[in-house]
2 protein chains.
Amino acid sequence: MARTAGSHSALTAPRIRAAAQSLFARHGFAAVSMRQIAAEVGVQVGALYNYTPDKQSLLFDLMVDHLDDLMRALDAEPLPEDPMQALEGFARFHIRHHAARPEAVFIAYMELRNLSPENFAQVEALRHRYEDRLTAILTRGQAEGQFRIGDPRITTMAIIAMLTGVNTWFRETGRLRLDEVETMYWDMTRQLVGG
Amino acid sequence: MARTAGSHSALTAPRIRAAAQSLFARHGFAAVSMRQIAAEVGVQVGALYNYTPDKQSLLFDLMVDHLDDLMRALDAEPLPEDPMQALEGFARFHIRHHAARPEAVFIAYMELRNLSPENFAQVEALRHRYEDRLTAILTRGQAEGQFRIGDPRITTMAIIAMLTGVNTWFRETGRLRLDEVETMYWDMTRQLVGG
DNA sequence: CCTTGATCTGAACGCACGTTCAGTTAATAA
DNA sequence: TTATTAACTGAACGTGCGTTCAGATCAAGG
């Protein structure tokens, strides 16, 4: 046997991505085999190599696409002049965006050490660009006397860690709706910066 | 060849633990082989099985010991009556304790999915007990009107995520000393609870 | 000094891994 | 209808995996 009925790269490619993302998130990159991914897609393992040069590229592409998606989505958000409003926008956006794609977020945070040094550097640079957006808001608010904070860079790390932490416990089926969580975390963020 | 000169379980056991911890933290549990651990210790792979029934137990024991250590250390801390002072004690303790053992912390957070369901439940229970200490402080401070917070449980998760985040960027060789970081994060924590 | 038990070696087990590739079939263009 | 290309199969490659175990050597107590 060979080419199968209905097979098409425009269909198979996203299914491979989805299978890899789901399996990497559940079991971890190192614990997932190419054969498992192929089985989830419904092809033989060799077919995967029409779509990726190797296993690591599968992981790298997932991360880069996730971070590109994140940056594009942030750029599409309004950026109010007022630092407090800008901070609220960022906090709410961060929670909403991350809660909507827990698998991609999980992988992007947990599998960094499985990247080659060059790939790691690229991913880190993308993440840095995102963090810089928050740092800019904090620096502006501090300069305008609205925020009572110390080092804006440290504050950035603290806020992002706090907000991203939502993904470790939030479940759609839990007692709180996401918009309630969003408001609770915005309240905490606001107080954290002295507002 | 067989038993080697100077070999003793009291020496080999901790060296196996240390090697496993170091390698798991650096490369991840699934990516580390028993042969790598043995090589780091300087024995053949078979010798490891005098000390652990299998690979997973090595991971589980590291996690449990870390969490036991964490609870014992917290219990050894003074617990002031005043909620604000108690919170300061907790925040500073958390940062100090975690910064001192980054490998154990990293493993305890990243390798949960490599545990069997029973082992996972045990580790989760231990972590919950630790979190409960912070929740108790927050609940008391809220009842006494000192803290301006919402749900104490959510606030617990937010604070712990923020504080633990220090480990992702702090380096001994960086521009900030740990006691400076400690104070910065305590300032943020205090403001977060409305103090 | 001798015995006993602790400690480790060296080899082996079957299995799964990532990757490659010649060959085969389906889709598509001419 | 035919020729071409896209998509996939099936089998194979060498390697490393976790775990087991009989046997060899060392440490320690009497």
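Residue numbers start from 1 in every chain, and the chains themselves are labelled A, B, ... in the order their sequence lines are given, proteins ahead of strands.
- Side chain of A/S33, nearest nucleotide from C/dC8, C/dC17, D/dG18: C/dC17.
- Between B/G6 and B/Q36, it is B/Q36 whose nearest contact on DNA chain D lies nearer the 5' terminus.
- Residue B/H8 places at least one side-chain N or O under 4.0 Å from the OP1 or OP2 atom of D/dA28.
- Separation of atoms OG1 (A/T155) and CD1 (A/I137) is listed at 13.0 Å; rounding is to 0.5 Å.
- Between the side chain of B/R3 and the base of C/dA6 there is at least one donor-acceptor pair of N/O atoms closer than 3.5 Å.
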For this session: Take B/F147 and B/L138 through the test side chain to side chain contact (heavy atoms under 4.5 Å, CB included) and record every step on the way to the result.
Result: CA-CA 7 Å; B/F147 295 161; B/L138 293 173; 4.0 Å; yes

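- Each of B/D65, B/T12, B/D61 was scored for a side-chain hydrogen bond (donor to acceptor under 3.5 Å, both in side chains) with B/R17, with one residue passing: B/D65.
- Taking the six-membered ring for Trp, B/F170 and B/Y185 have ring centres at least 6.0 Å apart.
- Within the 4.0 Å cut-off from OP1 or OP2 of D/dC26, not a single side-chain nitrogen or oxygen of B/S7 is found.
- The nearest heavy atom of DNA chain C to A/Y49 and to B/V43 marks one nucleotide each, and the one closer to the 5' end goes with B/V43.
- Under 4.0 angstrom from either OP1 or OP2 of C/dT7 there lies no side-chain N or O belonging to B/Y51.
- Remark on DNA chain D: of its neighbouring residues A/G46 and A/R35, the 5'-side contact belongs to A/G46, judged by nearest-heavy-atom nucleotide.
- Within the 3.5 Å criterion, the main-chain N or O of B/H94 finds a donor-acceptor partner in the side chain of B/H98.
- Under a 3.5 Å cut-off, the side chain of B/H97 and the backbone N or O of B/F93 do not form any donor-acceptor pair.
- Regarding contacts with the backbone of C/dT7, every side-chain N or O of B/T4 stays at 4.0 angstrom or more from both OP1 and OP2.
- Within residues 9-31 of chain B, the residues that place at least one heavy atom under 4.0 Å from DNA chain C are, in residue-number order, B/S9, B/T12.
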